[in-house]
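The chains referred to below are lettered A, B, ... by the order of the sequence lines, with proteins before strands, and numbering in each begins at 1.
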2 protein chains.
Amino acid sequence: MISTRGRYALRVLIDLAEHNDGKYIPMKDVAERQDLPLKYLERILPVLTKNKLIVGLHGKGGGYRLSRTPDAYTVGEILRLTEGNLAPVSCLEQDAAPCARAAECRTLEMWTKFYEMTNTYFDGITIADLMQSEVGNDYII
Amino acid sequence: MISTRGRYALRVLIDLAEHNDGKYIPMKDVAERQDLPLKYLERILPVLTKNKLIVGLHGKGGGYRLSRTPDAYTVGEILRLTEGNLAPVSCLEQDAAPCARAAECRTLEMWTKFYEMTNTYFDGITIADLMQSEVGNDYII
DNA sequence: TACCAACCTACCGAACTGATAGGTATGGTT
DNA sequence: AACCATACCTATCAGTTCGGTAGGTTGGTA
């Protein structure tokens, strides 16, 4: 199940994309528009800035802006960063302890295929796909 | 993420299917074969008996057996019973509070399609599909 | 009657979730 | 230089879930 971390991060990025006018956008504005707790967003965003998905600027006139065009963000990338991973079962997580029963496991193939399906699905959707078409696309980033 | 509840239930049902010889199989035997804690399994099974996926018999010579042929159990049904639901986000759960932002939600369609994909995938796989073909299919249910 | 296995209920520690609180760092504006 | 808005950092917390244990009760067979 996707938690609020991933869902809120998506909403923030979509909001930043839709309200992009070249300037930095204070997270306070995004939080108000999206009706999300500012302080909680501040705890979610660091992973996005550290991975250069957004750029933060301190002080007056500061805020955040996207570092790429909206079509260059896949939902898969965002969810993997904020949720950790999209594995349906713990034994498929990147650094999971190797399962002793893997050789005889009747379900491993099923989980693996579902995992691939999930990644393929979310990697095929970008922030641009999620933006309201009438808004935001008119602006130059 | 699918928890042990769903994964263990699947393993129990596959084990019952593979070791079916017409008699009731004590859960103690399944727990030993699968290396799962018996007491924990006893807490997971009631939802399967209440929904008539398996039949339990008390006392000596008792245990559990499947109530259908293995090809009549879909993984989707089993996971929905044991995990509650397969919704990727809380707003898609059956009795979720209606979301005030649904009309303007940029991501609802994405989640809904993923939800449908998930259900379709797991509903397309049966216990029979997961059984080791050399074993179990020789027995008559 | 003895036994065995399903079944039921309470409890428990650890982790995760969804926050809140209170600060510090950093830059532009005045 | 002072001010102030904003990002950024760390600790804390109540509630829930997870994975499991413990101990008993019910019901059926041998």
Atom CG of A/L45 and atom P of D/dT6 are separated, to the nearest Å, by 15 Å

note: A/K23, atom NZ; D/dA5, atom P; distance rounded to Å ~ 18 Å

Exercise. Please determine if a side-chain N or O atom of A/Y64 lies less than 4.0 Å away from the OP1 or OP2 oxygen of D/dT6.
Key: no

Hits for ring pair (Phe, Tyr, Trp, His ring centres under 6.0 Å) against A/Y121, two or more places apart or cross-chain, chain-then-number order -> B/F114

Walk me through whether B/T126 and B/Y73 qualify under side chain to side chain contact (heavy atoms under 4.5 Å, CB included). CA-CA 5 Å; B/T126 71; B/Y73 296 89; 5.7 Å; no

Extract all donor-acceptor atom pairs below 3.5 Å that involve side chains of residues 55-63 of chain B and protein atoms in other chains or at least two apart in sequence.
none

Contacted region of DNA chain C by chain B, from 5' end to 3' end of the hits, cut-off under 4.0 Å to heavy atoms, spans C/dC4 to C/dC11

Practice problem: Verify side chain to side chain contact (heavy atoms under 4.5 Å, CB included) between B/I125 and B/T74, making sure each step is shown before the conclusion. | Solution: CA-CA 6 Å; B/I125 303 173; B/T74 72; over 6 Å; no

Hits for side chain to side chain contact (heavy atoms under 4.5 Å, CB included) against A/A31, two or more places apart or cross-chain, chain-then-number order -> A/L38, A/L41

Within the side chain of A/R7, is there an N or O that forms a donor-acceptor pair under 3.5 Å with the backbone of A/I2? yes

The helix from C/dT1-D/dA30 to C/dT30-D/dA1: angle between terminal helix axes, five bp per end, to the nearest 10 degrees, reads 0°

So salt bridge (Lys or Arg N to Asp or Glu O under 4.0 Å) across residues 75-86 of chain A, not counting sequence neighbours, yields A/R68-A/E77, A/R80-A/D123

Sorted by chain and number, sequence neighbours left out, side chain to side chain contact (heavy atoms under 4.5 Å, CB included) with B/T107 holds for A/L10, A/I14, A/L130, B/C105, B/M110, B/W111

Could I get a table of every N or O pair under 3.5 Å where one atom is in the protein and the other is in nucleotides 28-30 of chain D?
{"unit_1": "D/dG28", "atom_1": "N2", "unit_2": "B/K60", "atom_2": "N", "d": "3.4"}
{"unit_1": "D/dT29", "atom_1": "O4'", "unit_2": "B/K60", "atom_2": "O", "d": "3.3"}

Heavy-atom contacts, protein to nucleotides 13-21 of chain D, under 4.0 Å, summarised as B (base), S (sugar-phosphate only) or - (none) per nt, yield ------BBB

Separation of D/dA7 atom P from A/I25 atom CD1, nearest Å, is 11 Å

Determine whether a donor-acceptor pair (N or O, by modelled atom type, separation under 3.5 Å) exists between the side chain of A/Q132 and the backbone of A/E18.
no

Per the under-4.0 Å heavy-atom filter, residues of residues 95-104 of chain B near DNA chain D come out as none

Residues at least two apart in sequence or cross-chain that pass salt bridge (charged side-chain N to carboxylate O under 4.0 Å, His left out) with A/E109, listed by chain then number, are A/K113

Using modelled atom types only, decide if a donor and an acceptor are shared between the side chain of B/N119 and the backbone of B/Y115 within a distance under 3.5 Å. yes

Rounded to the nearest 0.5 Å, the CE atom of B/M1 sits from the OG atom of B/S3 at a distance of 10.0 Å

Only pairs under 3.5 Å count here: list side-chain donor-acceptor contacts from residues 42-53 of chain B, not counting sequence neighbours, and write none if there are none.
{"unit_1": "B/T49", "atom_1": "OG1", "unit_2": "B/P46", "atom_2": "O", "d": "2.8"}
{"unit_1": "B/N51", "atom_1": "ND2", "unit_2": "B/V47", "atom_2": "O", "d": "2.7"}

- Task: Apply the test side chain to side chain contact (heavy atoms under 4.5 Å, CB included) to residues B/R101 and A/D35: give CA-CA distance (whole Å), side-chain angles for both, the deciding distance (0.1 Å), then the verdict.
- Result: CA-CA 10 Å; B/R101 301 180 79 86; A/D35 194 27; 3.7 Å; yes

> Would the B/Y40 and B/Y8 ring centres measure less than 6.0 Å apart?
Replying inline: yes

